[in-house]
Number of protein chains: 2
Amino acid sequence: MGATKTEHFTDKQNNIATLAKALGHPARIAIVEYLIKVDTCICGDIVNELPLAQPTVSQHLKELKNAGLIKGNIEGNAICYCIDEKAIDKLQNYFGNISTKLINKKNNCC
Amino acid sequence: MGATKTEHFTDKQNNIATLAKALGHPARIAIVEYLIKVDTCICGDIVNELPLAQPTVSQHLKELKNAGLIKGNIEGNAICYCIDEKAIDKLQNYFGNISTKLINKKNNCC
DNA sequence: AATCTTTATCGTAATATTGCAATATTAAAT
DNA sequence: ATTTAATATTGCAATATTACGATAAAGATT
(Lines give C-alpha, C1' and ligand atoms only; values in the text may rest on other atoms or scores of the structure.)
Protein backbone atom coordinates (compact mmCIF):
# COMPACT_ATOMS: atom_id res chain seq x y z
CA MET A 1 0.00 0.00 0.00
CA GLY A 2 1.02 3.63 0.19
CA ALA A 3 -1.46 5.19 -2.21
CA THR A 4 -4.21 7.46 -0.94
CA LYS A 5 -7.66 5.84 -0.96
CA THR A 6 -9.39 8.73 -2.72
CA GLU A 7 -12.31 6.56 -3.85
CA HIS A 8 -13.63 6.36 -0.29
CA PHE A 9 -14.10 10.09 0.04
CA THR A 10 -16.44 12.61 -1.57
CA ASP A 11 -15.44 14.65 -4.61
CA LYS A 12 -15.60 17.81 -2.53
CA GLN A 13 -13.30 16.36 0.10
CA ASN A 14 -10.86 15.19 -2.53
CA ASN A 15 -11.00 18.54 -4.29
CA ILE A 16 -10.18 20.57 -1.18
CA ALA A 17 -7.49 18.07 -0.25
CA THR A 18 -5.94 18.44 -3.70
CA LEU A 19 -5.83 22.23 -3.40
CA ALA A 20 -4.42 22.04 0.12
CA LYS A 21 -1.85 19.48 -0.90
CA ALA A 22 -0.66 21.69 -3.75
CA LEU A 23 -0.07 24.46 -1.20
CA GLY A 24 1.55 22.04 1.22
CA HIS A 25 5.07 22.98 0.21
CA PRO A 26 6.86 26.23 1.06
CA ALA A 27 8.21 26.60 -2.48
CA ARG A 28 4.71 26.52 -3.87
CA ILE A 29 3.52 28.99 -1.26
CA ALA A 30 6.44 31.21 -2.28
CA ILE A 31 5.46 30.90 -5.95
CA VAL A 32 1.87 31.87 -5.22
CA GLU A 33 3.00 34.82 -3.11
CA TYR A 34 5.35 35.97 -5.83
CA LEU A 35 2.61 35.79 -8.44
CA ILE A 36 0.48 38.00 -6.22
CA LYS A 37 3.28 40.49 -5.53
CA VAL A 38 4.21 41.24 -9.12
CA ASP A 39 1.70 43.24 -11.08
CA THR A 40 2.59 41.82 -14.44
CA CYS A 41 2.67 38.07 -14.54
CA ILE A 42 5.48 37.55 -16.99
CA CYS A 43 6.86 34.94 -14.78
CA GLY A 44 10.06 33.56 -16.19
CA ASP A 45 11.92 35.01 -13.25
CA ILE A 46 10.27 32.79 -10.67
CA VAL A 47 13.34 30.59 -10.99
CA ASN A 48 15.54 33.53 -9.95
CA GLU A 49 13.29 34.24 -6.98
CA LEU A 50 13.48 30.73 -5.58
CA PRO A 51 16.46 28.87 -4.10
CA LEU A 52 15.75 25.88 -6.32
CA ALA A 53 16.95 24.64 -9.68
CA GLN A 54 14.93 25.31 -12.81
CA PRO A 55 13.62 21.75 -13.26
CA THR A 56 12.43 21.72 -9.66
CA VAL A 57 10.58 25.01 -10.08
CA SER A 58 9.05 23.76 -13.32
CA GLN A 59 7.81 20.69 -11.48
CA HIS A 60 6.26 22.78 -8.69
CA LEU A 61 4.56 24.99 -11.27
CA LYS A 62 3.14 21.90 -12.92
CA GLU A 63 1.69 20.71 -9.64
CA LEU A 64 0.10 24.06 -8.93
CA LYS A 65 -1.34 24.01 -12.44
CA ASN A 66 -2.67 20.45 -12.11
CA ALA A 67 -4.39 21.40 -8.87
CA GLY A 68 -6.00 24.37 -10.64
CA LEU A 69 -4.30 27.02 -8.54
CA ILE A 70 -2.49 28.72 -11.39
CA LYS A 71 -2.97 28.96 -15.13
CA GLY A 72 -0.43 29.64 -17.83
CA ASN A 73 -0.46 31.27 -21.25
CA ILE A 74 2.22 30.86 -23.87
CA GLU A 75 3.83 34.26 -24.39
CA GLY A 76 6.41 34.04 -27.14
CA ASN A 77 8.95 31.49 -26.04
CA ALA A 78 8.27 32.22 -22.39
CA ILE A 79 5.17 31.31 -20.40
CA CYS A 80 3.01 33.68 -18.41
CA TYR A 81 1.68 32.11 -15.24
CA CYS A 82 -0.85 33.59 -12.89
CA ILE A 83 -3.17 32.74 -10.01
CA ASP A 84 -6.54 31.19 -10.74
CA GLU A 85 -8.85 33.18 -8.50
CA LYS A 86 -11.50 30.48 -8.53
CA ALA A 87 -9.24 28.15 -6.55
CA ILE A 88 -8.42 30.82 -3.98
CA ASP A 89 -12.12 31.61 -3.66
CA LYS A 90 -12.89 27.96 -3.04
CA LEU A 91 -10.36 27.85 -0.23
CA GLN A 92 -11.51 31.13 1.27
CA ASN A 93 -15.13 29.98 1.24
CA TYR A 94 -14.23 26.64 2.70
CA PHE A 95 -12.36 28.05 5.68
CA GLY A 96 -14.80 30.92 6.11
CA ASN A 97 -17.57 28.36 6.34
CA ILE A 98 -15.73 26.33 8.94
CA SER A 99 -15.02 29.46 10.94
CA THR A 100 -18.67 30.47 11.19
CA LYS A 101 -19.69 26.94 12.06
CA LEU A 102 -17.17 26.94 14.88
CA ILE A 103 -18.43 30.26 16.24
CA ASN A 104 -21.97 28.87 16.34
CA LYS A 105 -20.82 25.95 18.43
CA LYS A 106 -18.40 27.11 21.10
CA ASN A 107 -17.99 23.75 22.71
CA ASN A 108 -15.44 24.33 25.44
CA CYS A 109 -14.52 20.71 25.84
CA CYS A 110 -10.88 21.01 24.79
CA MET B 1 17.88 14.93 -2.01
CA GLY B 2 14.19 14.28 -1.61
CA ALA B 3 13.66 16.32 1.54
CA THR B 4 11.94 19.69 1.44
CA LYS B 5 14.37 22.63 1.76
CA THR B 6 12.42 24.42 4.48
CA GLU B 7 15.42 26.46 5.59
CA HIS B 8 15.28 28.53 2.41
CA PHE B 9 11.80 29.84 3.09
CA THR B 10 10.32 32.18 5.69
CA ASP B 11 8.71 30.91 8.89
CA LYS B 12 5.37 32.22 7.70
CA GLN B 13 5.65 30.38 4.42
CA ASN B 14 6.64 27.19 6.17
CA ASN B 15 3.82 27.59 8.68
CA ILE B 16 1.11 27.98 6.07
CA ALA B 17 2.61 25.14 4.05
CA THR B 18 2.52 22.90 7.12
CA LEU B 19 -1.14 23.66 7.74
CA ALA B 20 -1.99 23.14 4.07
CA LYS B 21 -0.02 19.93 3.92
CA ALA B 22 -1.88 18.56 6.94
CA LEU B 23 -5.15 19.19 5.09
CA GLY B 24 -3.73 17.74 1.89
CA HIS B 25 -5.32 14.36 2.41
CA PRO B 26 -9.04 13.54 2.05
CA ALA B 27 -9.06 11.47 5.23
CA ARG B 28 -7.81 14.45 7.21
CA ILE B 29 -10.36 16.71 5.55
CA ALA B 30 -13.02 14.15 6.51
CA ILE B 31 -11.77 14.12 10.10
CA VAL B 32 -11.91 17.90 10.33
CA GLU B 33 -15.41 17.95 8.83
CA TYR B 34 -16.56 15.29 11.26
CA LEU B 35 -15.18 17.22 14.21
CA ILE B 36 -17.17 20.22 13.05
CA LYS B 37 -20.36 18.25 12.47
CA VAL B 38 -20.62 16.65 15.89
CA ASP B 39 -21.45 18.98 18.73
CA THR B 40 -19.70 17.03 21.38
CA CYS B 41 -16.17 16.12 20.51
CA ILE B 42 -15.92 12.77 22.24
CA CYS B 43 -14.27 11.46 19.20
CA GLY B 44 -13.49 7.81 19.58
CA ASP B 45 -15.90 7.06 16.79
CA ILE B 46 -13.86 8.80 14.12
CA VAL B 47 -12.52 5.36 13.32
CA ASN B 48 -16.07 4.13 12.63
CA GLU B 49 -16.74 7.12 10.40
CA LEU B 50 -13.74 6.57 8.17
CA PRO B 51 -13.01 3.71 5.75
CA LEU B 52 -9.56 3.23 7.27
CA ALA B 53 -8.06 1.01 9.93
CA GLN B 54 -7.56 2.29 13.46
CA PRO B 55 -3.78 2.72 13.27
CA THR B 56 -4.15 4.71 10.06
CA VAL B 57 -6.70 7.04 11.61
CA SER B 58 -4.52 7.45 14.67
CA GLN B 59 -1.64 8.45 12.43
CA HIS B 60 -3.76 11.02 10.58
CA LEU B 61 -4.91 12.46 13.90
CA LYS B 62 -1.31 12.74 14.98
CA GLU B 63 -0.43 14.68 11.86
CA LEU B 64 -3.34 17.06 12.31
CA LYS B 65 -2.26 17.56 15.91
CA ASN B 66 1.38 18.16 14.98
CA ALA B 67 0.32 20.78 12.46
CA GLY B 68 -1.75 22.47 15.18
CA LEU B 69 -5.11 21.93 13.49
CA ILE B 70 -6.63 19.88 16.27
CA LYS B 71 -6.03 19.47 19.97
CA GLY B 72 -6.82 16.55 22.22
CA ASN B 73 -7.66 16.08 25.89
CA ILE B 74 -7.45 12.83 27.76
CA GLU B 75 -10.96 11.87 28.79
CA GLY B 76 -10.90 8.72 30.86
CA ASN B 77 -9.33 6.07 28.69
CA ALA B 78 -10.55 7.76 25.52
CA ILE B 79 -9.29 10.99 23.99
CA CYS B 80 -11.37 14.01 23.11
CA TYR B 81 -10.17 15.68 19.96
CA CYS B 82 -11.36 18.97 18.58
CA ILE B 83 -10.53 21.69 16.09
CA ASP B 84 -8.07 24.38 17.05
CA GLU B 85 -9.78 27.53 15.83
CA LYS B 86 -6.54 29.47 15.71
CA ALA B 87 -5.30 27.34 12.82
CA ILE B 88 -8.53 27.74 10.88
CA ASP B 89 -8.40 31.49 11.49
CA LYS B 90 -4.85 31.62 10.15
CA LEU B 91 -5.93 29.88 6.97
CA GLN B 92 -9.03 32.01 6.57
CA ASN B 93 -7.02 35.19 7.00
CA TYR B 94 -4.36 34.02 4.62
CA PHE B 95 -6.74 33.26 1.77
CA GLY B 96 -8.92 36.26 2.53
CA ASN B 97 -5.84 38.42 2.21
CA ILE B 98 -4.87 36.88 -1.11
CA SER B 99 -8.40 37.33 -2.37
CA THR B 100 -8.49 41.07 -1.66
CA LYS B 101 -5.05 41.53 -3.15
CA LEU B 102 -6.22 39.83 -6.32
CA ILE B 103 -9.31 42.03 -6.56
CA ASN B 104 -7.12 45.13 -6.29
CA LYS B 105 -5.02 43.96 -9.21
CA LYS B 106 -7.26 42.58 -11.92
CA ASN B 107 -4.47 41.87 -14.34
CA ASN B 108 -6.18 40.30 -17.30
CA CYS B 109 -3.08 38.73 -18.74
CA CYS B 110 -4.12 35.08 -18.38
C1' DA C 1 20.46 27.87 -40.79
C1' DA C 2 22.90 28.37 -36.40
C1' DT C 3 22.40 30.08 -31.90
C1' DC C 4 20.26 31.75 -27.82
C1' DT C 5 16.53 31.74 -24.42
C1' DT C 6 13.03 29.79 -21.95
C1' DT C 7 10.47 26.08 -20.28
C1' DA C 8 9.52 21.05 -20.11
C1' DT C 9 10.69 16.25 -19.64
C1' DC C 10 13.48 12.17 -18.43
C1' DG C 11 16.01 9.55 -15.34
C1' DT C 12 17.35 8.75 -10.92
C1' DA C 13 18.68 9.10 -5.95
C1' DA C 14 17.09 10.43 -1.41
C1' DT C 15 13.39 10.89 1.46
C1' DA C 16 8.48 11.04 2.90
C1' DT C 17 3.79 9.36 3.02
C1' DT C 18 0.13 5.98 3.24
C1' DG C 19 -1.87 1.99 5.10
C1' DC C 20 -2.24 -1.87 8.04
C1' DA C 21 -1.21 -6.10 11.08
C1' DA C 22 0.74 -6.88 15.31
C1' DT C 23 1.62 -5.23 19.60
C1' DA C 24 1.92 -1.93 23.44
C1' DT C 25 -0.16 1.26 26.62
C1' DT C 26 -3.41 3.06 29.80
C1' DA C 27 -7.47 3.61 32.28
C1' DA C 28 -12.03 1.84 33.30
C1' DA C 29 -14.95 -2.14 34.60
C1' DT C 30 -15.62 -6.52 36.40
C1' DA D 1 -5.87 -8.83 39.73
C1' DT D 2 -8.09 -9.77 35.20
C1' DT D 3 -10.42 -8.38 31.60
C1' DT D 4 -12.19 -5.01 28.47
C1' DA D 5 -12.03 -0.82 25.71
C1' DA D 6 -9.76 2.94 23.47
C1' DT D 7 -5.82 4.84 21.56
C1' DA D 8 -0.82 4.79 20.33
C1' DT D 9 3.37 2.81 18.57
C1' DT D 10 6.24 -0.28 15.88
C1' DG D 11 7.61 -2.35 11.74
C1' DC D 12 7.17 -2.88 7.15
C1' DA D 13 5.65 -2.88 2.21
C1' DA D 14 3.87 -0.03 -1.51
C1' DT D 15 3.82 4.27 -3.40
C1' DA D 16 4.60 9.31 -3.77
C1' DT D 17 7.34 13.43 -3.40
C1' DT D 18 11.39 16.29 -3.75
C1' DA D 19 15.36 17.72 -6.03
C1' DC D 20 18.49 18.12 -9.77
C1' DG D 21 21.70 17.02 -13.84
C1' DA D 22 21.20 16.06 -18.50
C1' DT D 23 18.65 16.68 -22.32
C1' DA D 24 14.77 17.93 -25.32
C1' DA D 25 11.50 21.20 -27.46
C1' DA D 26 10.12 25.50 -29.42
C1' DG D 27 10.02 30.13 -30.40
C1' DA D 28 13.16 34.37 -30.85
C1' DT D 29 17.45 36.43 -32.50
C1' DT D 30 21.25 36.87 -35.19
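Numbered from 1 within each chain, the chains take letters A, B, ... in sequence-line order.
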- Separation of Leu61(A) atom CG from dA8(C) atom P, in whole Å? 7 Å
- Can you tell which of dA8(C), dT18(C), dT7(C) lies closest to the side chain of Gln59(B)? dT18(C)
- Counting only distance, no hydrogens or angles, is the base of dT26(C) paired donor-acceptor with the side chain of Asn77(B) under 3.5 Å? no
- Task: Calculate the interatomic distance between Ile74(B) atom CD1 and dA8(D) atom C1'; express it in whole Å.
- Result: 11 Å
- Message: Minimum heavy-atom separation for Val32(A) and Leu23(A), please, with both atom names.
- Response: CG2-CD2, 3.9 Å
- Numerically ordered, the residues 49-57 of chain B set in heavy-atom contact under 4.0 Å with DNA chain D is Gln54(B), Pro55(B)
- Message: I want to verify a distance call: between dT7(D), dA19(D), dG19(C), whose nearest atom is closest to the Thr4(B) side chain?
- Response: dA19(D)
- Task: Give the minimum heavy-atom separation between Ala22(A) and Glu63(A), together with the two atoms involved.
- Result: CB-O, 4.4 Å
- Any residue meeting side chain to side chain contact (heavy atoms under 4.5 Å, CB included) with Lys21(B), in chain and number order, not counting sequence neighbours: none
- Query: Are any of Tyr81(A)'s side-chain N or O atoms less than 4.0 Å away from OP1 or OP2 of dA8(C)?
  - Reply: yes
- Give a yes/no answer on whether the side chain of Lys5(A) brings an N or O atom under 4.0 Å of OP1 or OP2 in dC20(C). yes
- Query: Taking the side chain of Ile79(B) as heavy atoms from C-beta outward, which of dT7(C), dT18(C), dT7(D) is closest to it?
  - Reply: dT7(D)
- Note on the structure: For Ser99(B) and Gln92(A), the nearest pair of non-hydrogen atoms, with its separation, is OG-OE1, 2.9 Å
- Closest non-hydrogen atom pair, Leu19(B) against Ala67(B): CD2-O, 3.3 Å
- Item | Length of the CD-C1' vector between Glu63(A) and dT17(D), whole Å | 7 Å
- Side-chain touch Ile46(A)/Leu35(A), heavy atoms, less than 4.5 angstrom: yes
- Return the minimal non-hydrogen interatomic distance between Phe9(A) and Leu52(B), and the atom names on each side. CZ-CD1, 4.3 Å
- Taking atom P of dA25(D) as reference, at what distance in whole Å does atom NZ of Lys62(A) sit? 15 Å
- Item | Separation of dC20(D) P from His60(A) NE2 (nearest whole Å) | 8 Å
- Item | Flag side-chain contact, heavy atom, 4.5 Å: Glu7(B) against Lys5(B) | yes
- Whole angstrom value for the distance that separates P of dA26(D) from CG of Asn73(A): 18 Å
- Contact list for DNA chain C against residues 19-26 of chain A - heavy-atom distance below 4.0 Å: none
- Task: Return yes when atom CG of Asp11(B) has more than 12 non-hydrogen atoms of other residues, nucleotides or ligands closer than 6.0 Å, and no otherwise.
- Result: no
